[in-house]
Amino acid sequence: MMKWSSTLASLLPLTASWSLAEPCAPVPPDFSLTPAQPRGTRELPDPFVNVEGNRISKKSEWACRRSELAQLAQTYELGPIPGPPTSLDASVVNNNQLIITIRVDSKTTNFTANITYPTTGTRPYPGFIVIGGSPSIPIPANVARVNLPLDSLANFASSSRNIGRFFDLYGASHGAGTTAVGVWAVSRVIDAVSLAAKTGAVAIDPARLGVTGCSRNGRAALAAGGFDERVALTVVQETGAGADSCYRLRDDDKPRYDVCNSVECPGTDQGQARVFLDRFMNNPSGLPFDRHSVAALVAPRALLVLQDDLTFNQPRSSFQCMGATKKVYEALGVSERMAVSLRGGHELCKFPKEQQGLLDAYIGKFLLGEGGDVGETDVVEMNSSWLKPGDIRPAYSWRAPKLE
Ligand SMILES: *[C@@H]1O[C@H](CO)[C@@H](O)[C@H](O)[C@H]1NC(C)=O
Ligand SMILES: *[C@@H]1O[C@H](CO)[C@@H](O)[C@H](O)[C@H]1NC(C)=O
Ligand SMILES: *[C@@H]1O[C@H](CO)[C@@H](O)[C@H](O)[C@H]1NC(C)=O
């Protein structure tokens, strides 16, 4: 067994890249929109208006606005995401089992991220962190996979909130929902890959890492891509509520789907923190942001959102919500780094071949670093037997500024 150890203070990339640990300015804990939106308002808040009420006009202001949104998402929705631990060890057994040991004060836990190496390509390989373990997108043969067993860190079963190795470290009363634990866990996997890559024990290039997941694991993928700036490409597959659909738009999918017959009802959902479920589930217009802004945390890095037309994934709401996120990419002048593709006619997490070209273009451009024509990446498309472009309603009255 080979083993590398570090106190994180000595590992520059780990702390330097955790930009959200040092916010530009703390958001007041009781922050709310002014003027407040009346209950039931469908309008998505303008993501460019900061906490002080000013609309940003420069690209350089996005970093601080992003930090505000990251704080709001933690305070109101996800629960707190702990920063780097006291120490982290990475060891590799049987060539491809990456054992990540994490100490926080006097408590220690570990988990294993199994790596599947490419059959072609050159070391160090680009890689995908696959939340939940088995990928449901076709990952090319020249890209590595690092499996993240999120359930062992935070159990998603509704009867077992706050159970898992994350809570062994931080205590059962910690406020993180499972999406927040997913963010934390992806960051620890990147810490470990970065550490072990330095000695060649892991043949993965930490600068070319993607994150992916489907359904509830897709929620964690979207949030992890948003919070950890070391993620180069985020591929979010078929998530719906609590990820790529906006809370204020949830009634758009009625009558085919009523969100309150689902796991998203108060008290049951494990993705969000309890504070969210108690305060906002029945009053989303009381939230000082919505999901379009949380997805925008990924900007300006690459984001591919794959959607289906399964009613429980709230396709109308999701498509409109991600359209609002795309405005942030447009404003930053990087429209080609975000695509939204809704394809119906398949079961949950069964990747349809029609999305292959778009996925290949994203992987080619943002993970493999291929020059030349790898395909169109500035895409917003919908193909469903029952959902038509005319079913999509405007969800906001603001326009994307042209940030200088
Ligand atoms: C991981 O933790 C388990 C206890 O949960 C322990 O038995 C095992 O030895 C640890 N593995 C390593 C490599 O530290
Ligand atoms: C990692 O791979 C080993 C060997 O195939 C297997 O026994 C173990 O269950 C895997 N661990 C996880 C977390 O998937
Ligand atoms: C939707 O996809 C099907 C199957 O790929 C294709 O035949 C059809 O032309 C597409 N429709 C639109 C409007 O793009």
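The model shown is predicted, which means the values in this text are computed figures rather than measured ones.
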Residues forming a side-chain hydrogen bond (donor to acceptor under 3.5 Å, both in side chains) with Glu61, sequence neighbours excluded
none
Of all the heavy-atom pairs spanning Gly225 and Thr234, show the shortest one and how long it is.
CA-OG1, 3.3 Å
Are there over 12 heavy-atom neighbours, none belonging to Lys388, within less than 6.0 Å of that residue's NZ?
yes
Check this for me: does any side-chain nitrogen of one of Lys365 and Glu336 sit under 4.0 Å from a carboxylate oxygen of the other?
no
Those residues at least two apart in sequence (or on a different chain) that pass side-chain contact (heavy atoms from CB on, under 4.5 Å) with Asn94 are Asn96, Gln97
Whether the side chain of Arg230 engages the backbone of Ser187 through a donor-acceptor N/O pair (distance < 3.5 Å, no angle test) should be reported.
yes
For residues 394-404, run the donor-acceptor check on the side chains, cut-off 3.5 Å, and write out each pair with its distance to 0.1 Å, sequence neighbours left out.
{"from": "Ser397", "atom 1": "OG", "to": "Glu43", "atom 2": "OE1", "distance (Å)": "3.3"}
{"from": "Ser397", "atom 1": "OG", "to": "Glu43", "atom 2": "OE2", "distance (Å)": "3.0"}
{"from": "Trp398", "atom 1": "NE1", "to": "Leu44", "atom 2": "O", "distance (Å)": "2.8"}

Who pairs with Glu68 by salt bridge (Lys or Arg N to Asp or Glu O under 4.0 Å), at least two apart in sequence or on another chain?
Arg65
side-chain hydrogen bond (donor to acceptor under 3.5 Å, both in side chains) involving Arg165 - partner list, sequence neighbours excluded
Asn110
Go through the structure and list residues passing side-chain hydrogen bond (donor to acceptor under 3.5 Å, both in side chains) with Ser318, not counting sequence neighbours.
Asp244
Residues in salt bridge (Lys or Arg N to Asp or Glu O under 4.0 Å) with Asp308, at least two apart?
none
I'd like to check the salt bridge (Lys or Arg N to Asp or Glu O under 4.0 Å) partners of Arg301; sequence neighbours left out, ordered by chain and number.
none
Residues which pass side-chain contact (heavy atoms from CB on, under 4.5 Å) with Val49, listed by chain and number, not counting sequence neighbours:
Asp46, Arg55
For a quick check under 3.5 Å, do Ser384 and Asp309 share a side-chain donor-acceptor pair by atom type?
yes
Among residues at least two apart in sequence or on other chains, which ones pass ring pair (Phe, Tyr, Trp, His ring centres under 6.0 Å) with Tyr76?
Phe280
Show the atom names and distances, to 0.1 Å, of all donor-acceptor pairs under 3.5 Å that link a side chain in residues 137-154 to residues at least two apart or in another chain.
{"from": "Asn147", "atom 1": "ND2", "to": "Gly133", "atom 2": "O", "distance (Å)": "3.4"}
{"from": "Asp151", "atom 1": "OD1", "to": "Arg216", "atom 2": "NH1", "distance (Å)": "3.0"}
{"from": "Ser152", "atom 1": "OG", "to": "Pro149", "atom 2": "O", "distance (Å)": "2.9"}

For a quick check under 3.5 Å, do Gln355 and Ser341 share a side-chain donor-acceptor pair by atom type?
yes
Among all residues two or more places apart in sequence or in another chain, which pass the side-chain hydrogen bond (donor to acceptor under 3.5 Å, both in side chains) test with Tyr329?
none
